[in-house]
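Every chain is numbered from 1, with letters handed out A, B, ... down the list of sequences.
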There are 2 protein chains.
Amino acid sequence: MANIQEALTALTAFLTSEQVTVNETVRELHGRDESYHGQQLPDVVVFPETAEQVSRIMKVSKQFQVPVIPFGLGSSLEGHVIPVTGGITIDFSLMDKVLAVYEKDFLVKVQPGVTRTQLNKELKKYGLFFSVDPGADATLGGMVATNASGTTSVKYGVMRDQVRDLEVVLADGTIIHTGSMAAKSSSGLHLNGLFTGSEGTLGCFTEMTLRVYGIPEHVTAARASFPTVNDAVEAVVSILQAGIPVARVELVDEESIRQANKFSDTAYPEKPALFLEFHGNEAGLKQDVEFMEEIVHGHGCEEIEFETDNAARNRLWEARHNLAYAYIHGYPGKKMMVTDVCLPISALAGAVRHARENLNTLGLTGGIVGHVGDGNFHTLLMMDMNDAVEVAKAQEFNERIVLYALERGGTCTGEHGVGIGKQKYQLQEHGAALQVMEKIKQALDPDNLLNPYKNVKPETKGAVL
Amino acid sequence: MANIQEALTALTAFLTSEQVTVNETVRELHGRDESYHGQQLPDVVVFPETAEQVSRIMKVSKQFQVPVIPFGLGSSLEGHVIPVTGGITIDFSLMDKVLAVYEKDFLVKVQPGVTRTQLNKELKKYGLFFSVDPGADATLGGMVATNASGTTSVKYGVMRDQVRDLEVVLADGTIIHTGSMAAKSSSGLHLNGLFTGSEGTLGCFTEMTLRVYGIPEHVTAARASFPTVNDAVEAVVSILQAGIPVARVELVDEESIRQANKFSDTAYPEKPALFLEFHGNEAGLKQDVEFMEEIVHGHGCEEIEFETDNAARNRLWEARHNLAYAYIHGYPGKKMMVTDVCLPISALAGAVRHARENLNTLGLTGGIVGHVGDGNFHTLLMMDMNDAVEVAKAQEFNERIVLYALERGGTCTGEHGVGIGKQKYQLQEHGAALQVMEKIKQALDPDNLLNPYKNVKPETKGAVL
């Protein structure tokens, strides 16, 4: 691309030689994420340090009509950061400061390159924590971009629920703020929600004001084993119906428990299980947990083990969080595909059964885990990318899972986002609303330069899997 | 307007004579809301029964370039439903069905004309309730349109947090769905959030899927009196800091207690007070309430009274909800202006002090109440609309309150919305982001026919106060 050269010259006018590179190794690192989607390299990678620099990068992008792709740590799961038409990747790793902790307001102001464990380390000093926990130690910028969620969302909500304000650099370089520090507002249109989950297609975040919480007074975790996955899911429905304010409730199927035991050196019974956590005051927690115990036993729970001390609790959640790595480690040479549907809770047990049946029918290798309190579950599928039949089967499986969910009022992606992988389901999921999304994209990025061919675009150009 | 006649003819082609009217009394009822903003009449009022009819109304609006203004019950507080340039008011009172209760999914599907008490009556049969409680018995359509909130938002969130899906008729008559029945989604752009709070400027809602909650096992309410408003606000900050999950915490100042006692026939001590409520299990609640009691006494609380039985609790909340009417009743012939800022909680005590000082300095009649757990408070100002000096003073007061909040990271409206009254602060609050809102409005309503000159438009045409 001729204009890449011109763009590069323009970039070097205000970025140091450390901040802009065409080095192939660096470009390769920015050409993929943690998904199975094929690698494609950016032409340039830049490392801005300020919003002002990001704004100037956007102006270069516009002037020379070169795409820009924001990049956090590359932990996305649907190819979000892959530069499908090349361009300038903006790596936010130098913008990694916790700018302010507003203790009394339960807010923090961070730069997009801050990771969630980095933030939690800082917050601990104040007796606070950041609630969203997607497993991976993603950057907060990436988490806002995909509207990430995870194990604690059933109680604390998803990323969008935490966003109070975003500083966003738009396609023309304008810097805006999408919200304020107020806990609620009915002023103007809700840009916080629109930019959260926009996957870099409407602007780049340079500062984020996020909600945080007091570390709960008491925490109890438990691991409950069930005869079948169905029993476990039905137990979750009953727990929610009973109004027990569960803070985490994760389904881990038999196969996934086996992988966890191997990888994390645990010795959990190799049965479908729920990993649970409760937050509250001592007396309330005790009553909640007793009630929960009654309920799980009513659903055939065979063994329940409580983890009240910190170490055992951390081991439990580490085992859960390491599951993706456990599978990857257990199947060397294979790539992982992760399904991510979310359904109304009444349809969840059927959906999980349907997933297991289809795994078996198609003869695929994988396990089912999920944030079942939200109706969101994942199938972790291992596939050999050189085996066209296996890849096709995995794609077919993913499609069956998505269509099952869409037919029952669900969504094709509960938390991973659209990226490249879920574009083909956008029209079916959103219908005529997709045109509204396209009009918004068109209004805010008329030249289609911001992470092009991701999220709302129904058709993807560029060669991808 | 010549094209009104043509529009009228087109409307009568598919609406019965009961569904379309130019009767002056009916038009007058649709020319005002509960605010001080001046009345202006629509040319026609229509009463559709289906989304299909709303779609055809939109097509008529577009064909003859006649504005449409959605109307629930007219309880808006910033002139939202006033047809500033005339046009067709769409009254949703015939679309008042609770269409489905999805008990297991904690969801309901309703038409926009359903009121919140109507919904709660229906939900009670299932042990469920709808959480958002703005005081007035507004329609749910209106509550979504303004992103309403109220006393329980500190625990359950605002309207936007309850919206899972909206059926929306767009300016060109297209019917879309903005979401799904899934508890969370990272698919596409977040239209649920964008349309919630859009005040009829982007489309009309014809069906809404909303989140509901199980009626809490135990509820305790309390009324705590303090020597000063400042002590009461500081107590709230401490309660939140302590992590006590308060379900309601309302500030009612001395003057407002006096009005309540007169109007609601209560005999509460005429001191600044907090009205509190806690939801939970029995043991947890007891511990929370004990902790709360310690805290309020540490802030000079002089008297705390608990209302555990239903009747006393209802009386307490009725007295709170009737406060606006208490003032109106107490000052016959005067109109009410209500301020509605929301600030970071750390700035709240100062803001309430500032409001009281300015009330006194300007010699205005009014009281302060507020959803202080969210940092949102209202000043209820009574003014004689024939007294130009008093009206100017009230406007001046409102402006001082807004600017104080904006300078401290707050918003000009926490829950009432922009309507006509808060447009002049939009640029100051949103800065360059206002252009993004305008671009979205332009993209979705290019002819500016949907509730024109409300919400995001920085300048209002048409004669208003």
When [options] are compared by non-hydrogen pairs under 4.5 Å with chain A, the top option:
options	result
B:Ala347, B:Ala443, B:Ser346, B:Gly214	B:Ser346
B:Met181, B:His190, B:Lys441	B:His190
B:Gln435, B:Gln287, B:His430	B:Gln287
B:Ala405, B:Ala148, B:Ala182	B:Ala182
B:Ser180, B:Gly193, B:Gly197, B:Pro344	B:Pro344
B:Lys184, B:Gln442, B:Met437, B:Glu217	B:Lys184

Best-contacting candidate, [options], against chain B by heavy atom pairs under 4.5 angstrom:
options	answer
A:Leu240, A:Asp374, A:Val418, A:Leu348	A:Asp374
A:Ala183, A:Pro216, A:Ser185	A:Ser185
A:Leu189, A:Val237, A:Ile176, A:Asp165	A:Leu189
A:Gly243, A:Gly375, A:Gly373, A:Ala433	A:Ala433
A:Gly431, A:Pro245, A:Ala432, A:Gly127	A:Ala432
A:Ile175, A:Thr178, A:Leu191, A:Thr146	A:Leu191

> Going by atom types alone, do B:Asn451 and B:Thr201 pair a side-chain donor with an acceptor below 3.5 Å?
Replying inline: no
Checking [X] against chain B: side chain, backbone, both or neither under 4.5 Å from a heavy atom?
X	answer
A:Asp288	both
A:Leu194	both
A:His177	backbone
A:Leu202	side chain
A:Val158	side chain
A:Glu199	side chain
A:Glu429	side chain
A:Lys422	neither
A:Arg408	neither
A:Ser187	both
A:Asn376	side chain

> Thinking salt bridges, do A:Lys286 and A:Glu290 make one under a 4.0 Å N-O criterion?
Replying inline: yes
Under 3.5 Å, is there a donor-acceptor pair between the side chain of [X] and the main chain of [Y]?
X	Y	result
A:Thr196	A:Asn192	yes
A:Asp172	A:Thr174	yes
B:Glu415	B:Gly150	yes
A:Asp445	A:Ala171	no
B:Ser186	A:Asn147	yes
A:Thr413	A:His416	yes
B:Asp105	A:Ile345	yes

**Asked** Can we call the ring centroids of A:Tyr126 and A:Phe106 under 6.0 Å apart?
**Response**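 No.
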I'd like to know whether the aromatic ring centres of B:Tyr213 and B:His279 sit less than 6.0 Å apart in this structure. no
Steps toward ring-ring contact (aromatic ring centres under 6.0 Å, His included) verdict (B:Phe129, B:Tyr156) = CA-CA 11 Å; B:Phe129 78 107; B:Tyr156 299 96; 5.4 Å; yes
task: Please state whether the side chain, the backbone, both or neither of B:Leu128 comes within less than 4.5 Å of a heavy atom of chain A.
output: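 Looking at B:Leu128, nothing touches chain A.
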- Query: How far apart are the C-alpha atoms of A:Lys155 and A:Val246, what are their side-chain angles, what is the distance that settles it, and do they pass the side chain to side chain contact (heavy atoms under 4.5 Å, CB included) test?
  - Reply: CA-CA 7 Å; A:Lys155 182 176 174 78; A:Val246 61; over 6 Å; no
- Task: Anything under 30° is parallel, anything over 60° is perpendicular, the rest tilted; go ahead and classify A:His371 against A:His378.
- Result: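 Taking A:His378 first and then A:His371, their aromatic rings stand perpendicular (interplane angle over 60°).
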